[in-house]
K.L.:
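Could you have a look at this structure, given as structure tokens, before my questions?
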2 protein chains.
Amino acid sequence: MITNKLKKVSLKSTFQRENILEYIISRKEHPTADMIYQYMLTISPCISKTTVYNTVKSLNKTNLIKSIKFLGKDEIRYDGTVDAHHHFLCEKCGRIYDIEIQCQHFKKENIDGHKINNVYAYFTGICKECKK
Amino acid sequence: MITNKLKKVSLKSTFQRENILEYIISRKEHPTADMIYQYMLTISPCISKTTVYNTVKSLNKTNLIKSIKFLGKDEIRYDGTVDAHHHFLCEKCGRIYDIEIQCQHFKKENIDGHKINNVYAYFTGICKECKK
DNA sequence: TACCAAGTTGTAATGATTACAAACAAACTA
DNA sequence: TAGTTTGTTTGTAATCATTACAACTTGGTA
Ligand SMILES: [Mn+2]
Ligand SMILES: [Mn+2]
Ligand SMILES: [Zn+2]
Ligand SMILES: [Zn+2]
């Protein structure tokens, strides 16, 4: 439950935080800051965009959400699914799909002598909807 | 040779294009637009930053270079090595290393029913220099 | 009730990139 | 050769997501 998630990471529970986190988790669209803002406006007409940015920064820092970025797109997208996974970005419709792959390099701790902390990966192409 | 590379993709050979392409290929730093600009200033003091952006766009479109982008960094980096490979970004010093891995997913043409055109992947962590 | 810390808000700044129009240059043509 | 076209370069202005910052609000606590 949303309130507990916030509590668990010692973030004070507020209307804005609960609803922003809820929105990011429940919608699977990997929304942008502006999409979150537009949604929040409908339930909280005076919310500030700065609050959206402050909130996603807190949520991200406490690992309640992840952020992702694609080449050629200038905005960050937010992801409520925090378990390691990859993405597929459709070059035609812009939809983002979660990709579950078990990659050999995923669990590696070192590569070429460098210590790995994070792995980022995504595919682009034409999604199955757009292929129809 | 640089001139031939340009010719091969039907880009007119100019002083700016030759030197920008040469710089990106020979330096292995994956330079930013501004790094390219700063270098070009030393050999062509009146070059415009717009020329740098125009040029990397042309070079990228004709596949003479690739561009890459990292989460949390706001600038695009340019890569003269166009064969498929991945990267390692050091969280401490910011250096970017090429990573040659033969990944099972690299050659795939489809995933979950989506047609794959491109694969992007990178690791972050502490590089072997910074570990010392 | 008064105070304090944290959260929220609005506005201004940042900074990489793009848009656009003028200047320039090399390649064609009459 | 002079004039024309086409593509390249240049400088300036705009864009736009994100951040900085200061003022305002709120909820808990003494
Ligand atoms: Mn996801
Ligand atoms: Mn590279
Ligand atoms: Zn699609
Ligand atoms: Zn390093």
Side-chain angles (χ1 to χ4, degrees), chain A residues 2-3 5-7 9-24 30-62 64-79 94, chain B residues 2-3 6-7 9-21 23-24 30-62 64-79 94:
Chain A
I2 297 294
T3 313
K5 293 196 185 224
L6 290 169
K7 192 169 293 175
V9 297
S10 327
L11 278 184
K12 212 167 273 181
S13 199
T14 68
F15 180 85
Q16 291 87 338
R17 282 177 179 168
E18 299 220 348
N19 282 279
I20 289 175
L21 179 54
E22 165 95 56
Y23 177 76
I24 296 173
H30 304 82
T32 63
D34 193 64
M35 291 163 74
I36 298 167
Y37 176 63
Q38 295 304 330
Y39 164 73
M40 286 300 291
L41 278 183
T42 68
I43 60 174
S44 179
C46 286
I47 193 171
S48 160
K49 208 166 224 183
T50 301
T51 299
V52 174
Y53 280 109
N54 287 342
T55 303
V56 292
K57 181 172 284 180
S58 301
L59 296 177
N60 186 63
K61 190 172 295 175
T62 54
L64 291 183
I65 65 173
K66 294 279 180 190
S67 45
I68 53 182
K69 200 173 193 176
F70 299 100
L71 195 61
K73 306 274 171 186
D74 44 1
E75 359 83 323
I76 298 170
R77 316 213 45 148
Y78 299 97
D79 194 340
Chain B
I2 297 294
T3 313
L6 290 169
K7 192 170 290 174
V9 298
S10 327
L11 277 183
K12 213 167 271 180
S13 200
T14 68
F15 180 85
Q16 291 85 341
R17 283 177 179 166
E18 300 221 348
N19 283 279
I20 288 174
L21 179 54
Y23 177 75
I24 296 173
H30 306 82
T32 63
D34 193 63
M35 289 163 75
I36 298 167
Y37 175 64
Q38 296 301 331
Y39 164 72
M40 287 300 292
L41 278 182
T42 67
I43 60 173
S44 179
C46 286
I47 194 170
S48 160
K49 208 167 222 181
T50 303
T51 299
V52 175
Y53 280 109
N54 288 340
T55 303
V56 292
K57 182 173 285 181
S58 302
L59 297 176
N60 187 63
K61 190 174 294 174
T62 55
L64 291 183
I65 64 173
K66 295 279 180 189
S67 45
I68 53 182
K69 201 174 192 175
F70 299 101
L71 195 61
K73 307 272 171 188
D74 45 2
E75 0 83 323
I76 297 170
R77 317 215 42 149
Y78 300 97
D79 193 341

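Proteins come first, then strands; the chains are lettered A, B, ... in the order of their sequence lines, and each starts at number 1. Just the heavy atoms: all of them, side chains too, but no hydrogens, waters or symmetry mates, feed the values below.
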K.L.:
Stepwise, does the side chain to side chain contact (heavy atoms under 4.5 Å, CB included) test hold for B:Ser67 with A:Leu71?
P.N.:
CA-CA 8 Å; B:Ser67 45; A:Leu71 195 61; 4.0 Å; yes
K.L.:
Along nucleotides 2-7 of chain C, 5' to 3', which nucleotides get a B, which get an S, and which get a -, given that the test is a protein heavy-atom distance under 4.0 Å?
P.N.:
----SS
K.L.:
Is there a side chain to side chain contact (heavy atoms under 4.5 Å, CB included) between B:Arg17 and B:Leu11 once you walk through the steps?
P.N.:
CA-CA 9 Å; B:Arg17 283 177 179 166; B:Leu11 277 183; 4.0 Å; yes
K.L.:
To the nearest 0.5 Å, tell me how far A:Asp79 CG sits from A:His30 NE2.
P.N.:
3.5 Å
K.L.:
Could you state the CG-P distance from B:Asn19 to D:dT8, rounded to the nearest angstrom?
P.N.:
17 Å
K.L.:
Sugar-phosphate atoms are those with a prime plus P, OP1 and OP2; base atoms are the rest. Using that split, label each nucleotide of nucleotides 23-30 of chain D B, S or - for protein heavy atoms under 4.0 Å, 5' to 3'.
P.N.:
--------
K.L.:
Please name all residues satisfying ring-ring contact (aromatic ring centres under 6.0 Å, His included) with B:Tyr23, sequence neighbours left out, ordered by chain then number.
P.N.:
B:Tyr39
K.L.:
Are B:Leu21 and B:Thr55 close enough, and set up right, to give a side chain to side chain contact (heavy atoms under 4.5 Å, CB included), and what steps lead you there?
P.N.:
CA-CA 9 Å; B:Leu21 179 54; B:Thr55 303; over 6 Å; no
K.L.:
Provide the closest heavy-atom pair for B:Ile20 versus B:Val52 in the form atom of the first, atom of the second, distance.
P.N.:
CD1-CA, 4.1 Å
K.L.:
Hey, could you give me the CD/OG distance between A:Gln16 and A:Ser48, rounded to the nearest 0.5 Å?
P.N.:
10.0 Å
K.L.:
Any idea which heavy atoms bring A:Asn19 and A:Phe15 closest together, and the distance?
P.N.:
ND2-O, 2.8 Å
K.L.:
Measuring from atom CG of B:Leu59 to atom NZ of B:Lys66, what distance do you get when rounded to the nearest 0.5 angstrom?
P.N.:
12.5 Å
K.L.:
With sequence neighbours left out, write down each residue that passes ring-ring contact (aromatic ring centres under 6.0 Å, His included) with B:Phe70, or none if nothing qualifies.
P.N.:
B:Tyr122
K.L.:
Looking at A:Ile2 and A:Glu18, what are the two nearest heavy atoms and their distance?
P.N.:
CG2-O, 3.7 Å
K.L.:
Nearest whole Å is fine: how far is C:dA16 C1' from B:Asn54 CG?
P.N.:
15 Å
K.L.:
Can you give me the closest heavy-atom contact between B:Leu64 and B:Leu6, atom names plus distance?
P.N.:
CD1-CD2, 4.0 Å
K.L.:
Among residues 66-77 of chain A, which contact DNA chain C at a heavy-atom distance under 4.0 Å?
P.N.:
none
K.L.:
Please list, in numerical order, the residues of residues 30-53 of chain B that have a heavy atom closer than 4.0 Å to any atom of DNA chain D.
P.N.:
B:Cys46, B:Ile47, B:Ser48, B:Thr50, B:Thr51
K.L.:
Let's go through A:Ser13 and A:Lys7 carefully: what are the C-alpha distance in whole Å and the side-chain angles of both, what is the deciding distance for side chain to side chain contact (heavy atoms under 4.5 Å, CB included) to 0.1 Å, and is it a yes or a no?
P.N.:
CA-CA 7 Å; A:Ser13 199; A:Lys7 192 169 293 175; over 6 Å; no
